[in-house]
J.: 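One structure follows; several queries about it will come next.
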Amino acid sequence: MMLLVPRDVLNPRRADEHFAEEAAAARAAGHTVTLVDHDALAAGHAKTVDFQEDEPAVYRGWMLTSEAYAGLAEACGGRLRTSPEQYRQGHELPGWYEALAPFTPESAWGDFDQARAALGNSGPAVLRDYTKSMKHYWHEAAYIPDLADAEKAHAVARRFRELRGDDFTGGFVLRRFEEFTGAEARTWWVGGECRLITAHPDTADQLPPDIDVSFLKGAVPALPFVTVDLALRTDGRWRVVELGDGQVSDRPRSTSAAELIDVIR
């Protein structure tokens, strides 16, 4: 296996510090590690990647748009284990929502008024785009107390669009607000099977309690490598917060790089 990781901006011969432990763990396990220029990838200027024999490749790095990932796949000559189509399915909410609809908050997307109307123009909701929310700006750019308050709802949408800027992806997504308790858990899946359960990177010191993920068996798309973030709703049910492509999902520091490399392998 070849692991592709971003190079350090100041020292191109080294892995980006954020992914250096994973690069070292991959080398220790006998895998090839190749450094790539993330800024060039993000700008659509992927460079051809040289391979040893017929080894498959897995990217572990900063988030890429679906278009930029397609450029990386082309530069790799189709050797990426996750195809561009599979990446888009896992990376963008409309790609995975239908499969997990029974286990995740009701969602609608499109332009803002279309999504608002689809949810009945009433009740609390959470705003995001196809790939990301602005949860760290909760009250100004994420949470809408009542969709019936058009002025407030549009103010949140405007602020969200302003903060996302050129990174805004796809369209607006509105999700029914559900009240959760405690820290989220991040689960790691390969081919539709859960291989690892960790803390969420935002709460890396809060390891999740024992979680039985069997309720998701057969529901999580059988993609090469994805993460599914779970949160405990106040009624005691685990709910899917988000599915993401595992290649661009952050690893909590409470989980060793070697553990994750073993899952990828």
Side-chain angles (χ1 to χ4, degrees), residues 63 66 86-110 112 114-136 138 141-147 153 156-157 160 169-203 208-209 211-250:
M63 186 179 292
S66 296
Q86 291 169 328
Y87 179 82
R88 184 184 291 273
Q89 183 181 354
H91 186 54
E92 300 182 4
L93 182 142
W96 57 261
Y97 174 75
E98 183 177 358
L100 295 176
F103 312 105
T104 197
E106 180 186 4
S107 303
W109 54 88
F112 184 72
Q114 285 177 330
R116 184 166 160 255
L119 290 188
N121 287 318
S122 64
V126 178
L127 180 65
R128 53 169 288 167
D129 64 16
Y130 283 13
T131 65
K132 189 176 176 63
S133 71
M134 297 301 293
K135 63 183 180 181
H136 298 299
W138 182 251
Y143 179 62
I144 300 173
D146 189 353
L147 290 171
V156 172
F160 175 86
T169 302
F172 288 104
V173 176
L174 280 170
R175 315 199 73 198
R176 289 281 185 205
F177 173 75
E178 295 185 6
E179 190 170 354
F180 300 129
T181 181
E184 291 182 26
R186 174 155 287 180
T187 62
W188 304 77
W189 299 67
V190 175
E193 297 291 334
C194 184
R195 302 292 188 184
L196 183 66
I197 300 176
T198 70
H200 189 278
D202 290 347
T203 51
I211 300 173
D212 181 0
V213 298
S214 61
F215 72 98
L216 290 174
K217 188 173 181 61
V220 174
L223 295 168
F225 183 36
V226 298
T227 55
V228 179
D229 292 342
L230 302 175
L232 190 64
R233 201 165 61 184
T234 51
D235 64 0
R237 295 179 60 189
W238 285 100
R239 300 285 282 168
V240 172
V241 176
E242 184 170 27
L243 183 146
D245 186 88
Q247 297 174 109
V248 296
S249 296
D250 203 10

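Since this is a predicted model, take the numbers as computed values, not measurements. Basis for what follows: all heavy atoms, side chains included, without hydrogens, waters or symmetry-related copies.
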J.: Taking all heavy atoms of Arg116 and all of Leu147, pick out the closest pair and write down the distance.
T.: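 That closest heavy-atom pairing would be NE-O, 2.7 Å.
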
J.: Tell me if a side-chain donor or acceptor on Arg237 pairs with a main-chain N or O of Phe103 at a distance below 3.5 Å.
T.: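 Flag not set: sc Arg237 to bb Phe103 has no pair under 3.5 Å.
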
J.: Do His91 and Met63 come close enough that some side-chain heavy atom pair is under 4.5 Å?
T.: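 A side-chain contact exists here, since the closest heavy-atom pair is under 4.5 Å.
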
J.: Verify side chain to side chain contact (heavy atoms under 4.5 Å, CB included) between Val213 and Leu230, making sure each step is shown before the conclusion.
T.: CA-CA 9 Å; Val213 298; Leu230 302 175; 4.1 Å; yes

J.: Quick check: do Gln247 and Tyr87 have side-chain heavy atoms less than 4.5 Å from each other?
T.: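 Side-chain contact under 4.5 Å: yes.
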
J.: Within a strict 4.5 Å, meaning less than it, do heavy atoms of the Phe177 and Ile144 side chains meet?
T.: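 Not touching, per the 4.5 Å side-chain cut-off.
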
J.: Got a second to check how far Leu232's CG is from Ile211's CD1, nearest 0.5 Å?
T.: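 Output value for this atom pair is 8.5 Å.
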
J.: Any non-hydrogen side-chain atom of Leu216 less than 4.5 Å from a side-chain atom of Trp189?
T.: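 The answer is yes, as the side chains (C-beta and beyond) meet within the 4.5 Å cut-off.
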
J.: At what distance, to the nearest 0.5 angstrom, does OG of Ser133 lie from OH of Tyr143?
T.: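 That separation rounds to 15.0 Å.
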
J.: Search all heavy atoms of Gly123 against all heavy atoms of Asp146 and return the closest pair with its distance.
T.: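 Looking at all heavy atoms of both residues, the closest pair is N-OD1, 2.9 Å.
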
J.: Of all the heavy-atom pairs spanning Leu174 and Ala125, show the shortest one and how long it is.
T.: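 What the structure gives for the nearest pair is CD2-CB, 4.1 Å.
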
J.: Are any of the side-chain heavy atoms of Asp229 and His200 separated by less than 4.5 Å?
T.: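 Side chain of Asp229 against side chain of His200, heavy atoms only: contact under 4.5 Å found.
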
J.: Can you give me the closest heavy-atom contact between Val173 and Tyr130, atom names plus distance?
T.: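 Scanning both residues completely, I find the closest heavy atoms to be CG2-CD1, 3.7 Å.
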
J.: CZ of Arg239 to CD of Glu179: how many Å apart, nearest 0.5 Å?
T.: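 It comes to 14.0 Å.
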
J.: Please confirm whether the backbone N or O of Val228 pairs with a side-chain atom of Thr187, one donor and one acceptor, at under 3.5 Å?
T.: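 Here the side-chain-to-backbone pair exists.
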
J.: Taking Arg88 for the side chain and Gly95 for the main chain, is one N or O donor matched with an acceptor at less than 3.5 Å?
T.: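 Checked: no pair found.
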
J.: Please find the pair of heavy atoms, one from Arg176 and one from Ser122, that lie closest to each other, and give the distance.
T.: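 Scanning both residues completely, I find the closest heavy atoms to be NH1-O, 2.9 Å.
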
J.: First locate atom OG1 of Thr104, then atom CG of Leu243, and finally report the distance between them rounded to the nearest 0.5 Å.
T.: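 Going from the OG1 atom of Thr104 to the CG atom of Leu243 covers 9.5 Å.
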
J.: Any side-chain heavy atom of Thr169 sitting closer than 4.5 Å to one from Lys132?
T.: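 When only atoms from C-beta onward are counted, Lys132 and Thr169 do not touch, as no gap falls below 4.5 Å.
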
J.: Nearest 0.5 angstrom please: Trp96 CH2 to Asp245 CG, how far?
T.: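 CG of Asp245 is found 13.5 Å from CH2 of Trp96.
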
J.: To the nearest 0.5 angstrom, please state how far the CG atom of Leu100 sits from the CD atom of Glu242.
T.: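 Reported value, rounded in 0.5 Å steps: 11.5 Å.
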
J.: Test side chain to side chain contact (heavy atoms under 4.5 Å, CB included) on Tyr97 and Glu92 and set out the steps.
T.: CA-CA 9 Å; Tyr97 174 75; Glu92 300 182 4; over 6 Å; no

J.: What are the two closest non-hydrogen atoms of Lys135 and Ala142, and how far apart are they?
T.: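 Minimum heavy-atom contact is CA-CB, 4.3 Å.
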
J.: I'd like to check Asp202 versus Asp250 (side-chain heavy atoms, cut-off strictly below 4.5 Å). Are they in contact?
T.: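 SC-SC contact between Asp202 and Asp250 ruled out.
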
J.: Could you tell me whether a side-chain N or O of Arg195 sits under 3.5 Å from a main-chain N or O of Phe225, the two making a donor and an acceptor?
T.: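 Absent.
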
J.: When you measure from the side chain of Arg175 to the backbone of Arg128, do you find a donor-acceptor pair of N or O atoms at a distance under 3.5 Å?
T.: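 Checking the backbone N and O of Arg128 against the side chain of Arg175, no donor-acceptor pair under 3.5 Å is found.
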
J.: Does some side-chain heavy atom of Leu127 sit less than 4.5 Å from a side-chain heavy atom of Phe172?
T.: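 SC-SC contact between Phe172 and Leu127 confirmed.
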
J.: In terms of side-chain heavy atoms, does Trp109 have a donor or acceptor partner in Ser107 at a distance below 3.5 Å?
T.: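 No - no donor-acceptor pair under 3.5 Å links their side chains.
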
